[in-house]
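Positions are given from 1, in the same order as the sequence printed here. Keep in mind it's a predicted model, so treat the numbers as computed, not measured.
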Amino acid sequence: QVQLAESGGGPVQAGGSLKLSCVASGYMQRSYCLAWFRQAPGKEREGVVHINRDGSAVYADSAKGRFTISRDNAKNTLYLQMNSLKPEDTAIYYCARHLSPYQGCSASWKKGTDFGYWGQGTQVTVSS
C-alpha cells in the first residue's frame, strides 16, 4: 500500500526556516519523479517544486532561491528546506508521487495531473 507522510510544518516567523519531510512507504522512491505542492486558504493548489530521478529539480518562481528540494532514496524520504519564509508561504504543504515509475514529470507538472499519490499535508504558518 502506497503511503506518503509529511512532517516538519509548524509556526515560524517571517525570515525563518523550516524543513519538511515526506516519508514514503509501499514503493521504492528512487523510481519516481516527486514533488511538493501547497494550498493556501481560499486559493488553488500550487506546484512548488519537483525533483526527477536524476536529482534535477524544477522550481516555481515563488520558491526559487529560497527553497531546496532533496531526496534520500536510501531512507525513502523527500525533503523541502524552506528559508527566508514569507507570510505568503503560509499553506498546507503536500508531497506527491508521479503516477508511473521511470517517467519524468511533464512540463505541465504544476497542474498536478502527473501525480497519483499524495500525502495528507503539513501546515506551515508564517507570521509577520
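- With hydrogens and angles ignored, the 3.5 Å screen pairs no side-chain donor or acceptor of Asp72 with any backbone N or O of Thr77.
- A distance of 9.0 Å separates CD in Gln120 from CG in Leu4, rounded to the nearest 0.5 Å.
- The heavy-atom pair separating Tyr94 from Glu6 by the smallest distance is CA-OE2, 3.2 Å.
- Taking each heavy atom of Leu34 and Arg71 in turn, the nearest pair found is CD1-NH2, 3.5 Å.
- Residue pairs meeting the disulfide bond (SG atoms under 2.5 Å apart) criterion with at least one partner in residues 99-128, sequence neighbours excluded, are Cys33-Cys105.
- Both Tyr32 and Tyr117 are assigned to one and the same hydrophobic cluster, defined by single-linkage of ILVMFWY side chains at heavy-atom distances under 4.5 Å.
- The closest side-chain heavy-atom distance from Tyr79 to Thr68 is not below 4.5 Å.
- Phe115 is linked by a ring pair (Phe, Tyr, Trp, His ring centres under 6.0 Å) to Phe37, counting only residues two or more places apart in sequence or in another chain.
- Side-chain contact check for Trp36 versus Leu78: some heavy-atom pair is nearer than 4.5 Å.
- Residues passing the ring pair (Phe, Tyr, Trp, His ring centres under 6.0 Å) test with His98: none are found, sequence neighbours excluded.
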**OP:** Applying side chain to side chain contact (heavy atoms under 4.5 Å, CB included), run through Arg45 and Trp118 and close with a yes or a no.
**Re:** CA-CA 12 Å; Arg45 184 181 60 198; Trp118 300 78; 3.5 Å; yes
Please report, to 0.1 Å, the donor-acceptor pairs under 3.5 Å made by any side chain of residues 8-28, with sequence neighbours excluded.
unit_1: Ser17; atom_1: OG; unit_2: Asn83; atom_2: OD1; d: 2.9

Only pairs under 3.5 Å count here: list side-chain donor-acceptor contacts from residues 84-92, not counting sequence neighbours, and write none if there are none.
unit_1: Asp89; atom_1: OD1; unit_2: Arg38; atom_2: NH1; d: 2.9
unit_1: Asp89; atom_1: OD1; unit_2: Arg66; atom_2: NH2; d: 2.9
unit_1: Asp89; atom_1: OD2; unit_2: Arg66; atom_2: NH1; d: 2.7
unit_1: Asp89; atom_1: OD2; unit_2: Arg66; atom_2: NH2; d: 3.4
unit_1: Asp89; atom_1: OD2; unit_2: Lys86; atom_2: N; d: 2.8
unit_1: Thr90; atom_1: OG1; unit_2: Pro87; atom_2: O; d: 2.9
unit_1: Thr90; atom_1: OG1; unit_2: Val126; atom_2: N; d: 2.9
unit_1: Thr90; atom_1: OG1; unit_2: Val126; atom_2: O; d: 3.4

Pair up each side-chain donor or acceptor in residues 49-57 with any protein partner under 3.5 Å, not counting sequence neighbours, and list the distances.
unit_1: His50; atom_1: ND1; unit_2: Trp109; atom_2: NE1; d: 3.4
unit_1: Asn52; atom_1: ND2; unit_2: Ser56; atom_2: OG; d: 3.1
unit_1: Asp54; atom_1: OD1; unit_2: Ser56; atom_2: N; d: 2.9
unit_1: Asp54; atom_1: OD1; unit_2: Ser56; atom_2: OG; d: 2.6

